Amino acid sequence: MWQINAGRVTVTGGQLVLHIGPLPGHDGVFDYVRLLNDEGQEIRIEAEDAMFTTGDTYAGREGSDGHWWNQAFKPFSGGYGVVAQKNEMVPVLTTTIAAPDGEYTLLIGSFKGDHDNGVFGLGITVLEP
(Lines give C-alpha, C1' and ligand atoms only; values in the text may rest on other atoms or scores of the structure.)
Protein backbone atom coordinates (compact mmCIF):
# COMPACT_ATOMS: atom_id res chain seq x y z
CA MET A 1 0.00 0.00 0.00
CA TRP A 2 1.20 3.53 -0.71
CA GLN A 3 0.12 6.83 0.74
CA ILE A 4 0.62 10.39 -0.41
CA ASN A 5 1.32 12.71 2.51
CA ALA A 6 -0.44 15.87 1.34
CA GLY A 7 0.81 17.80 4.36
CA ARG A 8 -0.73 19.50 7.35
CA VAL A 9 -4.20 21.04 7.35
CA THR A 10 -5.99 23.03 10.03
CA VAL A 11 -9.71 22.57 10.55
CA THR A 12 -11.42 25.28 12.61
CA GLY A 13 -14.94 23.91 12.58
CA GLY A 14 -16.95 22.92 9.59
CA GLN A 15 -15.54 20.75 6.89
CA LEU A 16 -12.49 19.90 4.88
CA VAL A 17 -13.08 19.66 1.13
CA LEU A 18 -10.64 17.78 -1.09
CA HIS A 19 -10.70 18.04 -4.90
CA ILE A 20 -8.80 15.28 -6.66
CA GLY A 21 -8.21 14.51 -10.30
CA PRO A 22 -5.60 12.86 -12.49
CA LEU A 23 -3.22 14.60 -14.84
CA PRO A 24 -3.26 13.70 -18.55
CA GLY A 25 -1.01 10.79 -19.46
CA HIS A 26 -1.01 9.29 -15.95
CA ASP A 27 -3.10 6.49 -14.45
CA GLY A 28 -4.40 7.12 -10.95
CA VAL A 29 -6.12 5.09 -8.25
CA PHE A 30 -7.89 6.92 -5.41
CA ASP A 31 -8.88 4.58 -2.59
CA TYR A 32 -9.14 6.52 0.66
CA VAL A 33 -8.44 9.74 2.57
CA ARG A 34 -7.13 9.75 6.13
CA LEU A 35 -7.00 12.69 8.52
CA LEU A 36 -4.60 11.88 11.35
CA ASN A 37 -4.20 14.13 14.40
CA ASP A 38 -1.15 14.37 16.67
CA GLU A 39 -2.73 12.00 19.21
CA GLY A 40 -3.05 9.28 16.58
CA GLN A 41 -6.80 9.59 16.15
CA GLU A 42 -7.97 9.04 12.61
CA ILE A 43 -10.86 9.98 10.36
CA ARG A 44 -10.91 7.72 7.29
CA ILE A 45 -13.11 8.13 4.21
CA GLU A 46 -13.37 5.58 1.40
CA ALA A 47 -13.14 7.31 -1.98
CA GLU A 48 -16.02 5.45 -3.58
CA ASP A 49 -18.49 6.25 -0.76
CA ALA A 50 -21.13 8.54 -2.30
CA MET A 51 -21.87 10.02 1.16
CA PHE A 52 -18.50 11.79 0.96
CA THR A 53 -17.28 11.81 -2.66
CA THR A 54 -19.19 13.42 -5.52
CA GLY A 55 -18.43 14.74 -8.98
CA ASP A 56 -18.95 11.74 -11.24
CA THR A 57 -21.20 8.78 -11.94
CA TYR A 58 -18.68 5.96 -11.77
CA ALA A 59 -18.31 3.49 -14.60
CA GLY A 60 -19.01 -0.11 -13.64
CA ARG A 61 -16.33 -1.48 -15.94
CA GLU A 62 -12.97 -0.51 -17.32
CA GLY A 63 -12.98 1.46 -20.53
CA SER A 64 -12.36 4.81 -22.14
CA ASP A 65 -15.71 6.43 -21.34
CA GLY A 66 -14.83 9.70 -19.59
CA HIS A 67 -15.72 8.45 -16.09
CA TRP A 68 -13.83 7.16 -13.08
CA TRP A 69 -13.99 3.38 -12.93
CA ASN A 70 -15.28 2.00 -9.61
CA GLN A 71 -13.04 -1.06 -9.49
CA ALA A 72 -13.88 -3.98 -7.22
CA PHE A 73 -10.63 -5.51 -5.95
CA LYS A 74 -10.32 -7.23 -2.56
CA PRO A 75 -6.91 -5.80 -1.62
CA PHE A 76 -8.45 -2.30 -1.67
CA SER A 77 -9.58 -1.09 1.73
CA GLY A 78 -13.34 -1.57 1.57
CA GLY A 79 -12.87 -3.76 -1.51
CA TYR A 80 -13.18 -0.90 -4.04
CA GLY A 81 -11.12 1.92 -5.48
CA VAL A 82 -11.77 4.69 -7.97
CA VAL A 83 -9.54 4.46 -11.05
CA ALA A 84 -8.74 7.12 -13.67
CA GLN A 85 -7.00 5.93 -16.80
CA LYS A 86 -4.29 7.93 -18.52
CA ASN A 87 -5.96 7.87 -21.93
CA GLU A 88 -9.09 9.76 -20.84
CA MET A 89 -10.24 12.91 -19.10
CA VAL A 90 -12.50 12.36 -16.09
CA PRO A 91 -14.29 14.80 -13.78
CA VAL A 92 -12.58 16.17 -10.69
CA LEU A 93 -13.91 14.40 -7.58
CA THR A 94 -14.91 16.32 -4.46
CA THR A 95 -14.54 14.57 -1.10
CA THR A 96 -16.10 16.42 1.85
CA ILE A 97 -15.08 15.46 5.38
CA ALA A 98 -16.63 16.76 8.62
CA ALA A 99 -13.85 17.06 11.19
CA PRO A 100 -13.43 18.50 14.69
CA ASP A 101 -11.25 21.57 15.14
CA GLY A 102 -7.56 20.82 15.07
CA GLU A 103 -4.40 20.11 13.12
CA TYR A 104 -4.27 17.04 10.92
CA THR A 105 -1.94 15.27 8.54
CA LEU A 106 -3.82 14.60 5.29
CA LEU A 107 -3.02 11.23 3.72
CA ILE A 108 -4.37 9.91 0.42
CA GLY A 109 -3.83 6.28 -0.45
CA SER A 110 -4.31 3.29 -2.63
CA PHE A 111 -4.11 -0.45 -2.24
CA LYS A 112 -1.58 -3.20 -1.71
CA GLY A 113 -0.44 -4.74 -4.99
CA ASP A 114 -1.20 -1.76 -7.24
CA HIS A 115 1.21 -0.89 -10.02
CA ASP A 116 2.87 2.52 -9.91
CA ASN A 117 0.42 5.40 -10.10
CA GLY A 118 0.81 8.72 -11.79
CA VAL A 119 0.62 12.28 -10.62
CA PHE A 120 -2.54 13.65 -9.00
CA GLY A 121 -3.83 17.19 -8.98
CA LEU A 122 -5.02 18.14 -5.47
CA GLY A 123 -6.88 21.08 -4.01
CA ILE A 124 -7.80 21.49 -0.34
CA THR A 125 -10.32 23.90 1.16
CA VAL A 126 -11.21 24.33 4.84
CA LEU A 127 -14.78 25.60 5.17
CA GLU A 128 -15.50 27.72 8.21
CA PRO A 129 -18.90 27.20 9.92
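Everything quoted here is computed from the prediction, not taken from an experiment.
Atom CD1 in Ile43 sits 4.5 Å away from atom OH in Tyr104 (nearest 0.5 Å). Separation of atoms OG1 (Thr96) and CE (Met51) is listed at 11.5 Å; rounding is to 0.5 Å.
Among all heavy-atom pairs drawn from Asp56 and Leu93, the shortest one is CB-CD2, 3.9 Å. The two residues Trp68 and Gly21 make their nearest non-hydrogen contact at CZ2-CA, 4.1 Å. Residue Ala99 comes nearest to Val11 through the heavy atom pair O-CG1, 3.4 Å, listed as atom of the first residue, atom of the second, then distance. His67 approaches Thr57 most closely through the heavy-atom pair ND1-O, 3.2 Å. Considering every non-hydrogen atom in both Tyr32 and Arg44, the closest pair reads CD2-NH2, 3.4 Å.
Contact annotation: the side chain of Phe52 never approaches that of Leu18 to less than 4.5 Å [non-hydrogen atoms, C-beta and beyond]. Looking only at side-chain heavy atoms (C-beta outward), Leu106 and Leu35 come within less than 4.5 Å of each other. Inter-residue side-chain proximity for Thr53 and Ile20 is flagged as unmet; no heavy-atom pair is nearer than 4.5 Å. Side-chain contact check for Asp31 versus Glu46: some heavy-atom pair is nearer than 4.5 Å.
Side-chain atoms of Glu88 come within 3.5 Å of backbone N or O of Gly66 as a donor-acceptor pair.
Residues Phe30 and Leu36 do not share a hydrophobic cluster, clusters being chains of Ile/Leu/Val/Met/Phe/Trp/Tyr side chains in contact below 4.5 Å. Leu107 and Val82 are assigned to two separate hydrophobic clusters, defined by single-linkage of ILVMFWY side chains at heavy-atom distances under 4.5 Å.
Residue Tyr80 places its OH atom among 12 or fewer non-hydrogen atoms of other residues, nucleotides or ligands, all under 6.0 Å distant.
Under the side chain to side chain donor-acceptor pair (under 3.5 Å) criterion, Thr105 pairs with Arg8, not counting sequence neighbours.
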